[in-house]
There are 2 protein chains.
Amino acid sequence: MTKSAPRTRIQEKNRSTILEAGLDVFSQFGFRGSTVDQIAEAAGLSKPNLLYYFPSKEAIYLELLNSLLDTWLDPLRALNDDGKALPEILDYVRRKLAMARDFPRESRLFAGEILQGAPRIEDALKGDLKTLVDEKAEVIRHWIAAGKIKEVDPYHLIFSIWALTQHYADFDTQVRAVLGGQDPFPGAEHYLEQLFTSLLKP
Amino acid sequence: MTKSAPRTRIQEKNRSTILEAGLDVFSQFGFRGSTVDQIAEAAGLSKPNLLYYFPSKEAIYLELLNSLLDTWLDPLRALNDDGKALPEILDYVRRKLAMARDFPRESRLFAGEILQGAPRIEDALKGDLKTLVDEKAEVIRHWIAAGKIKEVDPYHLIFSIWALTQHYADFDTQVRAVLGGQDPFPGAEHYLEQLFTSLLKP
DNA sequence: GCTTGATTTGACCAAGTGGTCAAAGGCACG
DNA sequence: CGTGCCTTTGACCACTTGGTCAAATCAAGC
């Protein structure tokens with residue numbers, strides 16, 4: 001299952017340059033809206049040279065999508081039964097909001113893919129993602145049963161965290177237009193803490 | 001500014017057929033991902049025939065976008081100082097969620113446009129939309145000052161309503177994958193009522 | 001049936017697209 | 001230096017795409 005690793009120093013460099021450029025372009029224009037020339041230009045390579053490192057436009061896109069899927073779910077994986085319930089959830093919200101702030105391109109790439117029906121990651125959604133969410137929903141249910149947080153639907157709780165945090169990356173243009181260009185994140189963090197605290201504090 | 005109205009019965013019918021087909025296709029594949037042939041096929045017309053009613057692919061897209069922008073904000077316009085604060089806001093949430101359920105294509109069309117930086121509606125966002133939101137934020141501030149709801153940032157409150165409701169349309173694929181195909185809307189409505197009630201009830 | 005304007009279409013085109021290929025350049029190592 | 005391999009590129013190709021156009025068809029009033 002492991003991709004044959006790049007051999008030379010230069011391969012490693014060029015492959016990562018291409019992926020970086022691909023993320024830039026794909027996140028802005030979507031898969032069909034992006035052209036190989038655009039990506040090549042952004043990467044500072046000629047088109048045939050780019051296609052020397054990746055067999056096709058789709059291969060770049062897929063590699064981005066799959067490697068992202070992993071890291072994107074890390075904050076949720078870190079949600080553990082260990083600590084206290086509410087702080088644990090608030091931490092998750094903060095981590096997720098930080099990702100929206102620091103990795104908006106990644107967020108948008110995903111959003112675009114899912115918006116179009118997630119044709120390339122349907123399996124991952126119904127498989128790994130569902131499994132992970134089911135597992136964490138169970139953790140939340142325990143917290144509720146133990147009276148540590150108020151009773152809410154665990155699935156919709158998770159959806160709401162995703163929706164609220166990713167909104168600031170995916171709809172950044174709209175948010176900033178309404179706020180007159182002001183940075184939304186400090187306000188967002190405070191608001192979300194308030195929101196989930198009042199929702200969950202027993 | 002008014003578009004020259006269609007004259008004959010058949011023009012009216014064909015134009016609306018095309019817009020309907022355009023909504024179908026554009027909402028699924030985005031502007032660049034959609035082809036004129038696709039839209040023509042969906043409308044049951046030949047490509048040159050379609051281009052007899054609209055001058056270009058972009059014209060269809062723009063007409064959809066602009067006419068949508070209007071109706072899409074109606075629920076927010078209906079938010080009035082009249083009634084009691086909390087029920088008024090909960091009504092807004094319910095109306096917005098109903099739109100996500102009943103008009104997911106419209107929601108996705110917008111989401112796609114904004115995701116790509118809203119190049120075609122930037123002015124509307126910074127103009128009409130900002131004005132409307134500023135106005136309603138003021139209403140919310142009055143409610144807070146009068147002690148009718150808890151103190152929250154009015155802008156982020158509005159963003160959160162948008163994010164939470166539209167998520168169920170825009171990320172439908174993901175939501176249903178995680179829920180195993182189950183209809184998310186009944187659960188969502190209950191959860192959102194609970195969420196905003198606990199956030200806002202004084 | 002005839003005329004006139006609205007409607008429809010097959011054939012076509014120029015530009016853009018993803019991708020190929022043979023040949024040329026570069027580079028490390030004997 | 002020379003040899004073998006990695007890297008880069010200009011030229012090219014098949015196909016798709018948005019859009020045009022002249023000619024054909026249709027519909028309604030006379």
Side-chain angles (χ1 to χ4, degrees), chain A residues 3-66 109 112-113 116 119-120, chain B residues 3-66 109 112-113 116 119-120:
Chain A
K3 206 95 189 190
S4 65
R7 283 150 198 87
T8 73
R9 197 59 42 81
I10 189 165
Q11 275 194 24
E12 199 162 329
K13 186 181 72 104
N14 277 345
R15 280 183 58 95
S16 70
T17 303
I18 291 169
L19 288 173
E20 174 69 19
L23 179 57
D24 240 39
V25 175
F26 282 135
S27 68
Q28 203 177 346
F29 303 106
F31 178 71
R32 292 219 39 193
S34 306
T35 72
V36 178
D37 289 286
Q38 252 178 314
I39 301 171
E41 158 115 39
L45 298 173
S46 69
K47 182 168 61 163
N49 198 9
L50 182 148
L51 289 169
Y52 170 72
Y53 291 100
F54 287 87
S56 69
K57 172 180 158 183
E58 181 150 26
I60 305 173
Y61 187 73
L62 283 179
E63 184 141 337
L64 278 171
L65 215 50
N66 285 322
L109 189 77
E113 178 65 18
Q116 313 212 340
R120 299 158 217 269
Chain B
K3 205 97 189 189
S4 65
R7 283 150 196 88
T8 73
R9 196 60 40 81
I10 189 165
Q11 275 196 23
E12 199 161 331
K13 186 181 73 107
N14 277 346
R15 280 183 58 94
S16 70
T17 304
I18 291 168
L19 288 173
E20 173 69 19
L23 180 56
D24 241 40
V25 175
F26 282 134
S27 69
Q28 205 178 343
F29 304 106
F31 178 70
R32 290 220 40 192
S34 306
T35 73
V36 178
D37 288 287
Q38 252 178 313
I39 301 171
E41 158 114 38
L45 298 172
S46 69
K47 181 168 63 164
N49 198 8
L50 181 149
L51 290 168
Y52 170 73
Y53 290 101
F54 287 88
S56 69
K57 171 180 158 183
E58 181 149 26
I60 305 173
Y61 186 74
L62 283 179
E63 185 142 337
L64 278 172
L65 215 50
N66 285 321
L109 189 77
E113 179 66 17
Q116 314 212 339
R120 298 157 219 271

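Small disclaimer: the values here were computed from a predicted structure and weren't measured. Throughout, protein chains are lettered first and strands after them, A, B, ... in sequence-line order, and every chain is numbered starting at 1.
Counting any heavy atom pair closer than 4.0 Å across all strands shown, A:Phe54 reaches no nucleic acid atom.
For D:dC6, neither phosphate oxygen OP1 nor OP2 lies less than 4.0 angstrom from any side-chain nitrogen or oxygen of A:Asn14. Of the side-chain N and O atoms in A:Gln11, one or more sit less than 4.0 angstrom from OP1 or OP2 of D:dT7.
When atom types are taken as modelled, the side chain of A:Asn49 and the backbone of A:Leu45 share no donor-acceptor pair closer than 3.5 angstrom. Judged purely by atom type and a 3.5 angstrom limit, A:Glu113 has no side-chain atom pairing as donor or acceptor with the backbone of A:Leu65. No side-chain donor-acceptor contact under 3.5 Å links B:Gln38 to the backbone of B:Val25.
Side-chain contact between A:Gln28 and B:Gln116 is absent, with no heavy atoms from C-beta onward closer than 4.5 Å. Residues B:Phe26 and B:Ile60 have side chains in contact (heavy-atom distance under 4.5 Å, counting atoms from C-beta outward). With contacts defined as side-chain heavy-atom distances shorter than 4.5 Å, the pair A:Arg32/B:Phe29 does not qualify.
Proximity of residues 23-34 of chain B to DNA chain D (heavy atom under 4.0 angstrom from any strand atom) is restricted to B:Ser34. For the segment residues 40-52 of chain A, the set of residues with a heavy atom within less than 4.0 Å of an atom of DNA chain C comprises A:Lys47, A:Pro48, A:Leu51, in numerical order.
Surrounding CD of A:Glu41 are at most 12 heavy atoms belonging to other residues, nucleotides or ligands under 6.0 Å away.
Taking a heavy-atom distance under 4.0 Å as the criterion, the stretch of DNA chain C touched by chain B extends 5' to 3' from C:dA6 to C:dT17.
Between B:Phe31 and B:Tyr61, the ring planes lie tilted relative to each other; the angle falls in the 30° to 60° range.
Atom CG of A:Leu19 is separated from atom OH of A:Tyr53 by 13.0 Å, given to the nearest 0.5 angstrom. Atom NZ of residue B:Lys57 and atom CG of residue B:Leu62 lie 12.0 Å apart, to the nearest 0.5 angstrom.
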